[in-house]
> 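First the structure, which I've put down as structure tokens, then a few questions once you've had a look.
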Number of protein chains: 2
Amino acid sequence: MFFDSNTIIFVIVNHMNTIPVHININPELYKKNPESSDLGKRIITKSIEMIHEIGFEDFTFKKLGVEITSNESSIYRYFESKHMLLVYLINWYWSWLEYRLAYKIQNIKSPKEKLEIAVDLLVQEVINDNDFSSINEVLLHKIIVDESSKAYHTKSVDTENEKGFFKCYKRVVGRVSELVLEYNPDFEFPHMLISTVIEGAHQQRYFSQHLPSLTDFEKGKNNIVRFYTNLVFKALNIS
Amino acid sequence: MFFDSNTIIFVIVNHMNTIPVHININPELYKKNPESSDLGKRIITKSIEMIHEIGFEDFTFKKLGVEITSNESSIYRYFESKHMLLVYLINWYWSWLEYRLAYKIQNIKSPKEKLEIAVDLLVQEVINDNDFSSINEVLLHKIIVDESSKAYHTKSVDTENEKGFFKCYKRVVGRVSELVLEYNPDFEFPHMLISTVIEGAHQQRYFSQHLPSLTDFEKGKNNIVRFYTNLVFKALNIS
DNA sequence: ACTTAAATAATAGTATTACTATTGTTTTTT
DNA sequence: AAAAAACAATAGTAATACTATTATTTAAGT
């Protein structure tokens with residue numbers, strides 16, 4: 001049985017809310033698979049907590065080593081650099097999202113409904129999902145919002161892109177763009193629309209916390225989801 | 001005569017293309033005004049070139065010192081840190097944009113036309129504008145596209161926001177949001193719409209260079225401007 | 001022209017970061 | 001019980017992002 005790297009392997013267990021899922025990450029992103037050992041899992045779990053808490057710039061492998069009562073040098077046996085760890089986490093997130101998307105739309109026929117579900121998934125806050133494995137998805141989503149742009153705003157984007165570091169993200173944009181075209185085959189800019197929505201939603205969440213005058217965020221009113229859902233369907237309706 | 005910090009002072013000279021304009025930057029952003037000396041101007045001119053060329057992370061005051069045949073320590077007398085220099089440049093850009101916006105819509109009555117002009121200004125590429133002063137606006141715009149998110153994705157956003165470091169940007173979003181409401185007073189999310197358009201357009205330009213599959217960019221077809229102009233007016237038309 | 005002050009340049013030094021390399025000590029596997 | 005793999009501890013490196021001090025040049029005032 002073959003899977004290309006970054007393939008999602010999943011098993012949907014009927015009539016259950018908790019779905020055993022294994023998210024397979026491109027082995028080029030790590031030196032040793034962190035899923036393969038207890039130390040590796042602690043690295044992932046704690047790094048998510050720490051990056052969320054102190055921010056990516058202040059996060060170091062030395063500090064992480066102290067927190068997991070291990071050593072800086074041991075962490076380097078799993079990840080080449082803290083940048084690679086961030087890239088790993090981001091890929092994990094997008095693989096997980098792709099899996100949830102496939103699951104949620106699997107039995108739905110209506111293109112409109114499928115697109116609605118997709119947009120909601122892309123812009124909605126992540127709520128506690130009985131975090132399976134070593135990953136706290138709620139915190140991971142916050143890292144995506146706060147830090148993910150740092151993964152591709154680097155001098156090395158181009159070479160890293162060639163190596164497939166952003167594959168998962170690009171695949172999600174590709175899949176949802178297909179849903180856009182299913183709904184309106186004449187729309188000229190499906191990728192722009194979807195990447196605008198994804199990045200926009202993340203930024204609006206960030207702005208709502210730090211630069212609220214750039215938003216019209218109001219707590220409990222779901223404005224971000226309402227705004228982007230509206231935006232998508234107004235953009236796609238033939239005027 | 002009083003001006004609050006970050007106020008734009010401008011003199012519009014009739015029947016001329018080149019408009020003498022003085023962009024006034026919040027003095028809290030620098031230790032010594034770089035406009036006040038030859039060395040200061042060289043710092044600005046060369047830092048724009050260097051940040052554009054090698055990226056913000058690899059840019060250092062030491063390297064800049066070599067390039068302008070001056071010294072690292074002398075640059076520190078103008079700017080507290082390279083971060084503050086970036087914030088300065090970003091404020092300069094938004095002040096300049098606010099000035100151009102005011103100039104372009106000054107005699108226009110139609111709310112629709114005003115908004116069209118504003119959106120075009122926000123998302124269009126910057127073309128060579130007889131660069132007055134020590135600033136190459138074309139390169140500066142590229143820095144905004146590539147690097148500006150680094151100015152506010154930091155641990156210190158909140159305190160810096162309180163100090164007014166992002167005032168110019170917020171004011172542009174505010175003004176254009178007013179134009180949105182002039183055109184459609186019932187629209188619920190003017191700030192979200194405008195900040196989405198601004199940041200989105202920057203990202204699409206970045207993606208078009210580095211992650212083109214996230215866009216539908218085609219050279220010479222002005223897709224970014226067409227996409228965002230459409231998006232705005234479709235979002236604002238009462239369905 | 002002379003003094004003073006201001007601006008700039010040169011040098012040195014610091015703490016921290018993002019690593020690499022080496023060696024020793026546990027665990028785990030066979 | 002031996003061999004291998006994993007991990008921990010330590011040391012070391014080049015670079016960064018600064019600060020501090022001193023020396024030199026340039027400009028300004030009288």
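Here is the naming used below: chain letters follow the sequence lines, and residue numbers restart at 1 for every chain.
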> Taking all heavy atoms of B/E147 and all of B/L86, pick out the closest pair and write down the distance.
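Looking at all heavy atoms of both residues, the closest pair is O-CD2, 4.1 Å.
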> Please state how far atom CG in B/N33 lies from atom P in C/dA7, giving the value in whole angstrom units.
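About 12 Å, once rounded to whole Å.
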> Side chain of B/Y76 only, please: which of C/dC19, D/dT19, C/dT17 is the nearest?
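Nearest listed nucleotide: D/dT19.
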> Between B/R175 and B/E98, does any side-chain N to carboxylate O distance fall below 4.0 Å?
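Yes, B/R175 and B/E98 are salt-bridged.
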> When you check every protein heavy atom under 4.0 Å of nucleotides 6-13 of chain D, what one-letter string (B, S, -) results, 5' to 3'?
SBBBB---
> Rounded to the Å, how far apart are B/K82 NZ and D/dC18 C1'?
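Going from NZ in B/K82 over to C1' in D/dC18 covers 12 Å.
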> Taking only residues two or more places apart in sequence, or in another chain, which ones meet B/S73 in a side chain to side chain contact (heavy atoms under 4.5 Å, CB included)?
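B/S73 satisfies side chain to side chain contact (heavy atoms under 4.5 Å, CB included) with B/N71 once adjacent residues are dropped.
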> Using a strict 4.0 Å threshold on nitrogen-to-oxygen distance, state whether B/E49 and B/K46 make a salt bridge.
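Looking at B/K46 together with B/E49, the answer is yes, because their closest N to O distance falls below 4.0 Å.
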> Is B/F61 touching bases, backbone alone, or none of the nucleic acid, heavy atoms closer than 4.0 Å?
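Here B/F61 touches no strand at all.
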> Whole-Å distance between C/dA10 P and B/I75 CD1?
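Atom CD1 in B/I75 sits about 12 Å away from atom P in C/dA10.
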> What integer distance in Å separates B/F79:CZ from C/dA7:P?
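Rounded to the whole Å, the gap is 15 Å.
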> From CD of A/E57 over to C1' of C/dT16, roughly how many Å is that when rounded to an integer?
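These atoms are roughly 15 Å apart.
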> Is there a side-chain contact between B/Q204 and B/Y228, using heavy atoms and a 4.5 Å cut-off?
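When only atoms from C-beta onward are counted, B/Y228 and B/Q204 do touch, with a gap below 4.5 Å.
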> NZ of A/K31: more than 12 outside heavy atoms within 6.0 angstrom?
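Yes - once you tally the heavy atoms of other residues, nucleotides and ligands closer than 6.0 Å, there are more than 12.
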> Which whole-number value in Å describes the distance from B/L85 CG to D/dC18 P?
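Value for this atom pair: 11 Å.
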> In whole angstrom, give the distance that lies between atom CD1 of B/I54 and atom P of D/dA15.
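Answer to the nearest Å: 14 Å.
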> Give the rounded distance in Å between these two atoms: NZ of B/K41 and P of C/dA7.
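Answer to the nearest Å: 15 Å.
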